[in-house]
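Start at 1 and go down the list; that is how both ligands and their atoms are numbered. As the structure is a computational prediction, the values presented were derived from the model and not from experiment.
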Amino acid sequence: MRRAGRITGEALLCARDMIRPGVTTREIDRAIRAYIEGQGAVPSFLGYNGFPASACISINSEVIHGIPSKHRVLQEGDIVKVDVGAMIGGYHGDSARTFPVGRVSEVAERLIAATRESFYKGVALARPGNRIGDIGAAVEETAKGYGFSTVREFVGHGIGEHLHESPDVPNYGTPGRGCRLYAGMTVAIEPMVNVGQSKVKVLDDGWTVVTADGSLSAHYEHTVAILGDETVLLTDVGE
Ligand code: MG
Ligand code: MG
């Protein structure tokens, strides 16, 4: 899990270093695939339920699962979400970040910061003995504090030998409710935060999830190992 997490995190840094106006989302995807394969790992997303790329790359009101394309060109002021997974030694890592393209609006900056903060408020409660609802409640409360909403129809998840395992890790919840966390658990905590309403819809391509009201959305995800004495962000290799 540590190896998979490190490679996943480093693949995201590859993406970060390419973000600029004029770059296509396909170019970013190609670089991510080359990096993961160069490490002797396998892109977890490639072919997953038929997904055609190694990264999900989603722009502005696209929330998650955007399909990289040579026709999608990053533009000044966009916010771009890159979501990556890598598998090595039979275990997966999964991580996502939202990057600004050049100068972005004030609300976009606030959204990116709020989404990141929501993750850290949630993961602070990812300790043995706590419950899934503790994480979700902290994520939701943090986002709401900014006047934003969290996506309810897509959730975080357990992760390990499979990319998506139980339990679900929603970005909402009630403190003290839900499955109990225990040492040795590995979960992907991944706030998806919208400037407007929480409702989302899936585009006709069958993949791309967008906000129903067209508002901006941000995403922040790490694969997290809950240990007895500490909680480790396996995909955190720096921002
Ligand atoms: Mg992900
Ligand atoms: Mg995930």
Side-chain angles (χ1 to χ4, degrees), residues 1 4-16 25 28-29 31-33 35-36 41-59 62-68 79-88 91-99 112 115-116 118-120 122-123 126 132 135-136 139 150-173 179 181 185-194 200 202 207-210 217-226 231-237 239:
M1 292 294 292
R6 177 182 58 75
I7 294 166
T8 301
E10 289 171 355
L12 263 189
L13 296 186
C14 287
R16 177 201 65 186
T25 57
I28 296 168
D29 176 66
I32 284 170
R33 179 174 182 173
Y35 184 80
I36 291 172
V42 174
S44 303
F45 297 179
L46 188 60
Y48 184 87
N49 291 336
F51 190 75
S54 298
C56 298
I57 307 183
S58 313
I59 301 173
E62 297 169 352
V63 181
I64 48 170
H65 301 170
I67 301 172
I79 62 172
V80 56
K81 284 128 279 182
V82 181
D83 192 350
V84 173
M87 190 269 284
I88 193 164
Y91 291 92
H92 293 269
D94 187 5
S95 186
R97 198 94 54 77
T98 303
F99 300 105
I112 292 171
T115 307
R116 181 180 183 280
S118 298
F119 169 85
Y120 280 98
V123 79
I132 285 288
I135 298 173
V139 166
T150 58
V151 171
R152 302 176 80 91
E153 291 147 86
F154 293 86
V155 296
H157 49 92
I159 178 171
E161 293 177 21
H162 301 279
L163 180 61
H164 295 122
E165 300 180 352
S166 63
D168 283 353
V169 184
N171 296 309
Y172 59 90
C179 120
L181 306 175
M185 219 171 174
T186 45
V187 292
I189 300 176
E190 50 178 313
M192 297 157 226
V193 179
N194 301 344
V200 296
V202 180
W207 282 105
T208 313
V209 176
V210 300
S217 186
H219 189 199
Y220 191 100
E221 174 184 30
H222 278 302
T223 297
V224 174
I226 300 168
T231 294
V232 181
L233 308 186
L234 297 172
T235 45
D236 185 9
V237 295
E239 307 213 358

key: Geometric class of the Tyr48/His164 ring pair [parallel <30°, tilted 30-60°, perpendicular >60°]   = perpendicular

query = Donor-acceptor pair, Thr223 side chain versus Asp94 backbone, under 3.5 Å?
reply = yes

query = Taking the side chain from Asp29 and the backbone from Ser54, do they hold a donor-acceptor pair closer than 3.5 Å?
reply = yes

task = Dump the intermediate steps for side-chain contact (heavy atoms from CB on, under 4.5 Å) on Val187 and Val224, then the final yes or no.
result = CA-CA 5 Å; Val187 292; Val224 174; 4.3 Å; yes

ask   = Taking everything shown except Tyr91 itself, do over 12 heavy atoms lie less than 6.0 Å from its OH?
value = no

key: Atoms of protein origin (N, O or S) under 2.8 Å from the Mg ion (ligand 2)   = Asp94 OD2, His157 NE2, Glu190 OE2, Glu221 OE2

inquiry  = Please check: side-chain N/O of Asn171 versus main-chain N/O of Glu190, any donor-acceptor pairing under 3.5 Å?
reply    = yes

